[in-house]
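For reference, the structure discussed in these notes is given below.
By convention here, the first residue in the shown sequence is residue 1. These numbers were taken from a predicted model, which means no experiment stands behind them. Counting starts at 1 for both ligands and their atoms, following the listed order.
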Amino acid sequence: MDVIQALQQRRAAKAFDPNHQMAPETRRVLLENAALAPSAYNIQHWRVVDVRDPALRQAIRDVAWGQSQVTDASLLLVLCADLNAWQENPQRYWATAPQAVQDFLLPKLDEYYRGKPQVARDEAMRSLGLLGMAIMLLAQDLGYDSCPMDGFDFDAVARLIQLPQDHAIGYMIAVGKSVGTVWERNREPLSHWVIENHF
Ligand SMILES: Cc1cc2nc3c(=O)[nH]c(=O)nc-3n(C[C@H](O)[C@H](O)[C@H](O)COP(=O)(O)O)c2cc1C
């Protein structure tokens with residue numbers, strides 16, 4: 001499947017086959033390739049909680065407006081970010097870059113993030129957005145459907161997954177075999193959202 005087909009076919013699935021199980025190899029291909037998504041400074045802030053325990057799935061569903069995708073998807077991924085990843089031995093993120101690049105980036109990184117928690121959070125969320133889109137396109141390519149989800153109580157889900165203090169939840173993605181229908185697509189025309197040169 002090429003990228004344009006994957007984009008055109010992807011929809012936010014509203015119901016999944018609860019009996020379908022994803023093969024471990026498919027899960028591995030999905031997650032390993034998703035990590036090829038870009039991230040700011042190659043920090044790879046993402047920490048993805050793969051919720052497998054059915055009781056935990058149900059508990060999350062209870063704080064996610066009862067949405068059935070949470071329990072019925074083959075994979076339920078909670079996309080989290082480590083907000084301090086920028087200062088956790090960051091040299092390793094550019095280990096394959098030329099020495100001159102490494103020497104330039106290390107002080108730049110510190111200057112960019114230190115004492116700026118909002119910047120750290122924004123950067124992490126940007127990276128989670130890109131990871132999530134990669135997951136959804138890969139799911140499509142592997143014959144699956146997906147649904148990005150933020151219709152849930154973030155504090156309650158944080159407690160349920162025992163989210164560390166210095167981490168944040170971006171959103172969840174459910175991946176599975178869609179059953180049922182979705183309504184017709186609805187998008188604003190380009191003229192509404194593409195602005196030439198300035199607002
Ligand atoms: C950040 C985010 C959160 C979303 N949360 C939910 C959700 O909780 N439940 C749901 O059914 N769809 C959710 N959606 C799906 C959107 O409603 C959907 O992408 C949008 O209506 C466009 O439809 P399409 O993806 O099928 O083209 C979410 C999408 C995004 C990007």
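- Relative to the six-membered ring of F16, K177 misses at least one condition, a distance below 6.0 Å or an angle of at most 45° to the axis.
- Nearest heavy-atom pair, L30 versus I135, reported as atom, atom and distance to 0.1 Å: CD1-O, 3.6 Å.
- Ring to ring, Y112 and Y41 are close: their centroids are under 6.0 angstrom apart.
- Considering only residues two or more places apart in sequence or on other chains, F104 meets the ring-ring contact (aromatic ring centres under 6.0 Å, His included) condition with none of them.
- Protein residues are said to neighbour a ligand when one of their heavy atoms lies under 4.0 Å from it; for ligand 1 these are R10, R11, A12, K14, Q67, Q69, C147, P148, M149, D150, G151, R185, R187.
- With S127 contributing its side chain and S39 its backbone, the two residues share no donor-acceptor pair below 3.5 Å.
- Aromatic ring centres of H20 and Y144: separated by under 6.0 Å.
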